[in-house]
Trainee: 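Questions regarding the structure given below will be posed in turn.
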There are 2 protein chains.
Amino acid sequence: MPKIVDHDARRAELAEAMWRVVYRDGVAAATVRSIAAEAGWSPSALRHYFATQADLLIFAMEHVIAQSAERFAAESWTGPPRETAQRMLEEFLPLDRQRRRAAEVWLWLTLHAQVDPAAQARLSEADDGVRGVVDVAVDALAAAGLVARGADLGAEKARLHALLDGLTLHALVRTELMPPGRLRALLAEHLDSLTSARDGP
Amino acid sequence: MPKIVDHDARRAELAEAMWRVVYRDGVAAATVRSIAAEAGWSPSALRHYFATQADLLIFAMEHVIAQSAERFAAESWTGPPRETAQRMLEEFLPLDRQRRRAAEVWLWLTLHAQVDPAAQARLSEADDGVRGVVDVAVDALAAAGLVARGADLGAEKARLHALLDGLTLHALVRTELMPPGRLRALLAEHLDSLTSARDGP
DNA sequence: GAGCCGTGCCGAAGATCGTCGACCACGACG
DNA sequence: CGTCGTGGTCGACGATCTTCGGCACGGCTC
């Protein structure tokens, strides 16, 4: 009976407006009002599609993660496993402004999740997406026989994942000490350590 | 001529009040009002000692870091270097509620530093404190001959530091996957990887 | 011992934020 | 062609950080 709008499309539109604001002015500028202005709506209109600000940011974050997942699925990922793993994991490092902004949003969500169980749950799902890529990368290395027998794959995945997020954090807080080249080099060094021969059981 | 107050002592008192609030209710509850109430002052009084909320949190963070540094300096750190390094680094992991809360504050500051150059500068100094401890730990291992010749000490320090902060982040966002025991084990695994024989140049 | 005046502190106000409720308008269905 | 539900706006509320004007206390000077 009433006017019908494609909610999913509208949500995506608002999420993109949010990313434009974030890319331009940083996550601190991602207020409900500024995002609404960017999208050309009144602040109240957003409430029809996102009950709360955190919902919008989570949706936007899931949006880019889903896009990343599509890119991962689309690419063939042939070639040397070692270089492939490096390329896959570099996707998550803040090597350019865009990914740096995404890391800021990620940080905002992480902090917010400390007090919002709903955000916590959905952030965990998104986190699983990243963890899944790390798993794939490590498994591919192991399947290629590049990881020493006896290595604890579960622990290696957790360690690599932690290193990835730690590097991201350091890139945010100490940009001058962590230029893109150093981020890549440290990731490479870790993969070297992972793939070099180590004592089996 | 006027009433004289020991500003440093008052600042320390307010910082301790802040930590009580944070410990009890989390960093989100660390508003100027709640901290003032906890300390028994009016919100305006805080402005005499901290120009802004970020200043208070930074001071409080530096406060605990300074205390940690004192503990580090006080302890003799004798015994096997490998176990010593583990103990030193575990100080920075959120293994109990107190350190978890500290990590939340750290996260808040990191986010805030993205828009506040002053906070950014002072946070960098605090970050150097942590980096210094990591350096000491790795240097001690190297001095004991436990790190393979040819290893890039600078890179190893950066990698260990990133791992430390990454583990902290994961402990905050995925507590159920990162209980204290697993945090310790992953740190130990990394130190094992660092101290096990690796290819020299 | 008396007065001055600067420090310390408070209360209220300003600005901005997220969120909510009341109200209007359009348009698809009966 | 009328109905009524969805979509949208406006205004307001409460909370936040920060700023401003004013009051009071208490050391220093005379």
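Side-chain atoms are counted along with the backbone in the values below, which use heavy atoms only and exclude waters and symmetry mates. Everything numeric here is computed off the predicted structure, so don't read it as measured data.
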Trainee: Under 3.5 Å, is there an N or O donor on one side and an acceptor on the other linking the side chain of A:H48 and the base of D:dG8?
Mentor: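 In this structure, the two groups form a donor-acceptor pair.
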Trainee: Under 4.0 Å, counting only non-hydrogen atoms across every strand here, what does B:A45 touch: a base, just sugar-phosphate, or nothing?
Mentor: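 The answer is sugar-phosphate, as B:A45 gets under 4.0 Å only of primed atoms, P, OP1 or OP2.
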Trainee: How is A:Y49 classified with respect to the nucleic acid when contacts are heavy atoms under 4.0 Å: base, sugar-phosphate, or nothing?
Mentor: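 Sugar-phosphate, backbone atoms only, no base.
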Trainee: Would A:D152 and B:E189 satisfy side-chain contact (heavy atoms from CB on, under 4.5 Å), going step by step from the backbone distance to the final call?
Mentor: CA-CA 9 Å; A:D152 180 346; B:E189 175 135 352; 4.2 Å; yes
Trainee: Tell me whether the OP1 or OP2 atom of D:dT19 has a side-chain N or O from B:R47 closer than 4.0 Å.
Mentor: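 Yes, because at least one side-chain N or O of B:R47 sits under 4.0 Å from OP1 or OP2 of D:dT19.
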Trainee: To the nearest angstrom, how far is A:D116 atom CG from C:dT19 atom P?
Mentor: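 Result: 10 Å.
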Trainee: For D:dT6 and A:H7 - does any side-chain N or O of the residue sit under 4.0 Å from the phosphate oxygens OP1/OP2?
Mentor: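 No.
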Trainee: Quick check for you: among D:dC10, C:dC9, C:dG18, whose closest atom lies nearest to any side-chain atom of A:S44?
Mentor: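 Nearest to the side-chain atoms of A:S44, counting from C-beta on, is D:dC10.
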Trainee: Any N or O donor-acceptor pair under 3.5 Å from the base of D:dG8 to the side chain of A:S42?
Mentor: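 By the distance-only test, no, there is no pair.
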Trainee: Looking at A:R10, I'd like to know whether one of its side-chain N or O atoms comes within less than 4.0 Å of OP1 or OP2 on D:dG8.
Mentor: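 Looking at the OP1 and OP2 atoms of D:dG8, one of them is under 4.0 Å from a side-chain N or O of A:R10.
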Trainee: Could A:E125 and A:R122 be called an ion pair, given the rule that one side-chain N must be under 4.0 Å from one carboxylate O?
Mentor: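 A:R122 and A:E125: not salt-bridged.
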Trainee: Rounded off to whole Å, could you give me the CE-to-P distance for the B:M18 and D:dC17 pair?
Mentor: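 So the two atoms are 13 Å apart, to the nearest Å.
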Trainee: Salt-bridged, B:R11 to B:E13, with N to O below 4.0 Å?
Mentor: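 Answer for the salt bridge query: no.
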